[in-house]
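These notes concern the structure reproduced below.
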Number of protein chains: 2
Amino acid sequence: MLSTEGILATLTENGGRETASRRLIAQAVAGRSAAFTAQEIYEELAPRGVGRATVFRTLNLLHERGLLNRLHIGEGCHSYTLCEPQHHHHLVCVRCGCVYPFGTPGDCTVVADVQRLAVRVGFVVEGHHVEVFGRCAECLST
Amino acid sequence: MLSTEGILATLTENGGRETASRRLIAQAVAGRSAAFTAQEIYEELAPRGVGRATVFRTLNLLHERGLLNRLHIGEGCHSYTLCEPQHHHHLVCVRCGCVYPFGTPGDCTVVADVQRLAVRVGFVVEGHHVEVFGRCAECLST
DNA sequence: GGCCGAATTGAGACTCATTCTCAAAAGAAT
DNA sequence: ATTCTTTTGAGAATGAGTCTCAATTCGGCC
Ligand SMILES: [Zn+2]
Ligand SMILES: [Zn+2]
Ligand SMILES: [Zn+2]
Ligand SMILES: [Zn+2]
């Protein structure tokens with residue numbers, strides 16, 4: 001789980017500044033256990049004066065710096081989840097957005113499986129998305 | 001590789017019809033070896049009178065019927081690749097869009113890895129996206 | 001061929017996420 | 001407080017994708 005402070009610390013690396021809007025966004029995001037969209041955060045914070053562009057800018061920044069995962073599930077398309085410190089992927093419920101992490105740090109089986117082929121054809125892997133979607137126990141029982 | 005005829009045959013299942021626009025789309029799509037977007041197909045066929053909506057409708061249909069894979073790579077977001085008959089995934093070059101399939105039919109390691117966790121937490125897996133991206137040999141040398 | 005009902009079409013309006021623009025406001029550091 | 005830079009929000013702009021709907025086209029049947 002990421003803390004508000006941790007998020008702000010990342011934002012203020014390299015001469016970045018800690019601002020009121022960023023504090024609000026950090027709070028809104030920290031400790032989430034389900035996937036969320038930029039729009040949701042915006043709607044939550046708009047009444048407190050945070051602009052749409054700022055929410056998108058800040059979430060993008062956190063994604064670039066590795067604190068947020070960007071998912072592409074279903075048609076709504078983009079949503080975010082907090083990144084655990086180690087590399088991993090998620091089971092994501094398509095109904096409620098809740099998230100279960102899986103995958104072993106530094107030893108992602110997806111990478112291993114694929115590396116052989118990549119080497120053979122001279123392909124340099126830059127990254128991967130793995131998204132497993134379905135329904136969580138709770139959503140199944142409702 | 002899918003043939004124009006194969007695509008049209010799928011489209012005309014269940015009372016579907018073979019039309020001039022669909023023939024053009026099937027031709028434009030068949031035998032592609034790189035990922036492509038709906039927009040690209042539209043631009044290619046617009047001069048011949050094919051409407052935007054028709055391109056999107058038809059590609060969606062082919063995706064639903066399993067002939068096209070829908071990818072979510074990079075920021076452009078959606079692009080398509082032809083599906084091989086068996087389940088598999090792709091290495092996709094982020095620069096030129098070329099595609100190398102990988103993964104074993106009916107025995108997807110991603111599914112296997114994840115199934116144990118899913119069972120434990122009562123999650124029912126409905127599907128997964130796996131997208132590995134990077135640069136192909138040719139793009140690296142340019 | 002000609003007729004009919006169903007499937008499909010294209011133009012254009014529309015939606016909605018995301019980005020852009022730019023002048024004003026707010027941080028940080030001196 | 002001053003100055004310089006980063007960040008901000010409002011609103012316009014973009015762009016992918018969808019929707020609507022009247023007009024057209026299919027395919028099957030006589
Ligand atoms: Zn759920
Ligand atoms: Zn991985
Ligand atoms: Zn390439
Ligand atoms: Zn798979």
Side-chain angles (χ1 to χ4, degrees), chain A residues 5 7-29 35-65 68-81 97, chain B residues 5 7-29 35-65 68-81 97:
Chain A
E5 293 70 34
I7 295 171
L8 287 172
T10 301
L11 253 11
T12 54
E13 278 166 9
N14 304 117
R17 291 174 184 180
E18 181 175 329
T19 67
S21 291
R22 285 177 170 184
R23 247 174 267 125
L24 288 167
I25 294 170
Q27 279 166 25
V29 160
F36 57 91
T37 63
Q39 186 60 25
E40 281 165 28
I41 302 294
Y42 170 60
E43 281 167 14
E44 190 175 321
L45 299 182
R48 305 241 246 146
V50 180
R52 195 189 1 262
T54 301
V55 171
F56 279 93
R57 277 188 291 238
T58 307
L59 295 183
N60 279 345
L61 205 51
L62 291 173
H63 174 240
E64 278 166 21
R65 306 217 171 156
L68 294 179
N69 238 142
R70 210 205 299 265
L71 307 178
H72 309 257
I73 287 180
E75 296 315 304
C77 213
H78 291 147
S79 56
Y80 296 87
T81 60
Chain B
E5 294 69 35
I7 295 172
L8 287 171
T10 301
L11 253 12
T12 54
E13 279 166 9
N14 305 118
R17 291 174 183 177
E18 180 175 328
T19 67
S21 290
R22 285 178 170 185
R23 245 175 269 126
L24 288 168
I25 293 169
Q27 280 166 24
V29 158
F36 56 91
T37 63
Q39 187 61 25
E40 281 165 28
I41 302 295
Y42 170 60
E43 281 167 14
E44 189 175 322
L45 299 182
R48 307 240 246 145
V50 181
R52 198 194 351 267
T54 302
V55 171
F56 279 94
R57 277 188 290 238
T58 306
L59 295 183
N60 279 345
L61 205 51
L62 291 173
H63 175 240
E64 278 167 20
R65 306 217 172 156
L68 294 180
N69 240 141
R70 210 203 299 263
L71 307 178
H72 309 257
I73 286 180
E75 297 315 305
C77 212
H78 291 147
S79 57
Y80 296 88
T81 60

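Keep in mind that what you see is a predicted model, and the values were worked out from it rather than measured. In what follows, chains are A, B, ... by sequence order, proteins preceding strands, each numbered from 1.
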Q) Heavy-atom distance under 4.5 Å between the side chains of B:Leu68 and B:Thr81, does that happen here? A) no

Q) Between A:Thr19 and A:Thr54, is any pair of side-chain heavy atoms under 4.5 Å apart? A) no

Q.
If you assign each of B:Ala20 and B:Ala53 to its closest nucleotide in DNA chain D, which residue comes earlier from the 5' end?
A. B:Ala53

(Q) Regarding A:Arg22, tell me which of base, sugar-phosphate or nothing describes its non-hydrogen contacts under 4.0 Å with the strands shown. (A) sugar-phosphate

Q | Nearest-nucleotide comparison on DNA chain C, the residue closer to the 5′ end among A:Thr12 and B:Gly15 | A | B:Gly15

Euclidean distance, atom [atom1] of residue [X] to atom [atom2] of [N] [Å, nearest integer]:
{"X": "B:His63", "N": "D:dT18", "atom1": "NE2", "atom2": "P", "answer": "12 Å"}
{"X": "A:Asn14", "N": "C:dG27", "atom1": "CG", "atom2": "C1'", "answer": "16 Å"}
{"X": "A:Leu61", "N": "D:dT8", "atom1": "CG", "atom2": "P", "answer": "10 Å"}
{"X": "A:Tyr42", "N": "D:dA10", "atom1": "OH", "atom2": "P", "answer": "7 Å"}
{"X": "B:Leu71", "N": "D:dA16", "atom1": "CG", "atom2": "C1'", "answer": "16 Å"}
{"X": "A:Phe56", "N": "D:dT8", "atom1": "CZ", "atom2": "C1'", "answer": "16 Å"}
{"X": "B:Arg48", "N": "C:dT9", "atom1": "CZ", "atom2": "P", "answer": "15 Å"}
{"X": "A:Glu43", "N": "C:dA17", "atom1": "CD", "atom2": "P", "answer": "8 Å"}

Q.
If you go through the side-chain atoms of A:Arg17, does one of them form a donor-acceptor pair with the base of D:dT5 closer than 3.5 Å?
A. yes

Q.
When you measure only distances, ignoring hydrogens and angles, does the side chain of B:Arg57 come within 3.5 Å of the base of C:dG10 through a donor and an acceptor?
A. yes

Q | Test side chain to side chain contact (heavy atoms under 4.5 Å, CB included) applied to A:His78 and A:Thr37, step by step | A | CA-CA 7 Å; A:His78 291 147; A:Thr37 63; over 6 Å; no

Is the phosphate of [N] approached by [X] (side-chain N or O, under 4.0 Å from OP1 or OP2)?
{"X": "B:Thr19", "N": "C:dA7", "answer": "no"}
{"X": "B:Thr54", "N": "C:dT8", "answer": "no"}
{"X": "B:Thr37", "N": "D:dA16", "answer": "no"}
{"X": "B:Asn60", "N": "D:dT18", "answer": "yes"}
{"X": "A:His78", "N": "C:dA17", "answer": "no"}

(Q) With rounding to the nearest 0.5 angstrom, report the CG to CG distance, B:Asn69 to B:Leu62. (A) 12.5 Å

(Q) Under a 3.5 Å distance rule, please check whether B:Arg52 uses its side chain to pair with a backbone N or O of B:Tyr42 as donor and acceptor. (A) no

Q: Could you check which of D:dG17, C:dT18, C:dA11 has an atom nearest any side-chain atom of B:Arg52?
A: D:dG17

